[in-house]
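Single-structure report; data block below.
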Amino acid sequence: MKIATWNVNSLTVRLEHVLEWMESAEPDILALQEIKQTNDMFPADAFKEIGYHAISNGQKTYNGVALISKQKPKNTLTEFSDYDDFQRRILISDIGNVRIMNLYIPNGQSVESDKYIYKLSWLKALIKHIKSEQEKYKDIIILGDFNIAPEDRDVYDPEKWGEEVLCSPKERQAFSKMTDLGFVDVFRLFDQNEKSFSWWDYRAASFRRNAGVRIDLILANESLSKKCVKSVIDREPRAWERPSDHTPVIAQFDI
DNA sequence: ATGGTCGGGGACCGA
């Protein structure tokens, strides 16, 4: 089973990229973030035509997530219980025998910002929700745009980035809570190039200079992670005409 | 400095 995540920065603009990428990559499950469209604008038919089920949790202008899958998603959730959030950032479903949690974690803007407070409270609600999912499901994959660089090696210039947003201790502590719950960042199970990133700023020729960060992640519970046979970042779509600023991340499981 | 959205100019957001 091939599972992928991609922040597309507007599915309205990027639909052709997504369809073209899916044709060659042939994922079983694709989690999208920042679709930036309401559910009535979501192009479910375009995915249906190429043999996929497609569901979305969207809103106007910002945020929005979607799940595209060969198997039909079931028992879908679009909210954490006991956490009011008008921003559409989660889509959780059973696909096959796996609980899939597609996340668009808040960016936070800067550690001095109110948006950072929101990010930390959102992460707290997420940890609580993960625990409740673990009571019901054995195999869980948590994937998406985490807006957290787990380690210094996930940042092109960690000295310069310091403890700014994406790298601050409180964000990394929240990430550690997920690994403490038994989740494994499957990309790191394999030999990878130094400076492997999934996002590059549109500005200052960042992609050409490989000045990026790795914030798009795929986590699996420990027993499931043992069945992960491959995980790569596909840099190719980032080089296409009018790209998203993120590129797809893939994990292959022997299930 | 770049790109997307909404809207019809320029502010907000992204990481």
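Sequence lines set the chain letters: A, B, ... in the order given, protein chains first and strands last, and positions in each chain run from 1. Source: prediction; values computed, not measured.
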Subject >> Whole-Å gap separating P (B/dG4) and CD (A/Q33) >> reply: 17 Å
Original post:
Going by an N to O cut-off under 4.0 Å, is there a salt bridge joining A/R14 and A/E34?
Top reply: no
Subject >> Path from A/M22 to A/L11 over hydrophobic side-chain contacts below 4.5 Å >> reply: yes
Original post:
Roughly how many Å is it from CG in A/N63 to C1' in B/dG4, rounded to a whole number?
Top reply: 13 Å
**OP:** Could you tell me whether the phosphate oxygens of B/dA15, OP1 or OP2, come under 4.0 Å of any side-chain nitrogen or oxygen in A/N7?
**Re:** yes
**OP:** Rounded to the nearest angstrom, tell me the gap between atom CH2 in A/W240 and atom C1' in B/dG3.
**Re:** 18 Å
Subject >> Spacing of the P atoms in B/dG7 and B/dC13 (rounded, Å) >> reply: 15 Å
Subject >> A/L19 reachable from A/I250 in the ILVMFWY side-chain graph, under 4.5 Å edges >> reply: yes
**OP:** Report the distance from atom NZ of A/K60 to atom P of B/dT5, rounded to the nearest whole Å.
**Re:** 11 Å
**OP:** Name the nucleic acid region contacted by A/D245, choosing base, sugar-phosphate or nothing; use a 4.0 angstrom heavy-atom cut-off, strictly under.
**Re:** nothing
**OP:** Whole angstrom is fine here: how far is it from CD1 in A/I215 over to C1' in B/dG14?
**Re:** 10 Å
Subject >> Residue met sooner reading DNA chain B from 5', once A/W199 and A/Y202 are mapped to nucleotides >> reply: A/Y202
Subject >> B/dA15 phosphate, OP1 or OP2, under 4.0 Å from A/N147 side-chain N/O >> reply: yes
Original post:
With respect to the side chain of A/T61, which nucleotide from B/dT2, B/dA15, B/dT5 is positioned closest?
Top reply: B/dT5
Original post:
Is the shortest side-chain N/O distance from A/H246 to OP1 or OP2 of B/dA15 below 4.0 Å?
Top reply: yes
Original post:
Separation of A/R203 atom CZ from B/dA15 atom P, in whole Å?
Top reply: 11 Å
Subject >> Residues A/K226 and A/D254 bridged, charged N to O under 4.0 Å >> reply: no
Original post:
Rounded to whole angstroms, how far apart are CD on A/E163 and P on B/dA15?
Top reply: 21 Å
**OP:** Check every strand shown and say whether A/V13 touches a base, only sugar-phosphate, or nothing at a heavy-atom separation below 4.0 Å.
**Re:** sugar-phosphate
**OP:** Quickly, which of A/D145, A/N7, A/N9, A/T5 forms a side-chain hydrogen bond (donor to acceptor under 3.5 Å, both in side chains) with A/Q33? Name it, please.
**Re:** A/T5
Subject >> Test side-chain contact (heavy atoms from CB on, under 4.5 Å) applied to A/I100 and A/T76, A/I92, A/L143, the passing residue >> reply: A/L143
Subject >> Contact letters for nucleotides 8-13 of chain B, in which S counts primed atoms plus P, OP1 and OP2 and B counts the base, heavy atoms under 4.0 Å >> reply: ----BS
**OP:** Determine the Euclidean distance between corresponding C1' atoms of B/dT5 and B/dG9; express it in Å to zero decimal places.
**Re:** 13 Å
Subject >> Within the 6.0 Å centroid threshold, strictly below: A/W122 and A/F80 >> reply: yes
Subject >> Test applied, side-chain contact (heavy atoms from CB on, under 4.5 Å); reference residue, A/I105; option that passes from A/I90, A/L126, A/L217 >> reply: A/L126
Original post:
Which whole number of Å gives the distance between the C1' atom of B/dA15 and that of B/dT2?
Top reply: 13 Å
Original post:
Should A/R242 be listed as having a side-chain N or O under 4.0 Å from OP1 or OP2 of B/dG4?
Top reply: yes
Subject >> Atom-to-atom span, CD of A/Q59 to C1' of B/dG4 - whole angstrom >> reply: 14 Å
**OP:** Take A/G108 and A/R14, find for each the nucleotide of DNA chain B with the closest heavy atom, and name the residue whose nucleotide sits nearer the 5' end.
**Re:** A/R14
Subject >> For B/dC6, the Watson-Crick or wobble partner whose two distances fall under 3.5 Å >> reply: B/dG10
Subject >> Inter-nucleotide C1' distance (B/dG4, B/dG8), Å rounded >> reply: 16 Å
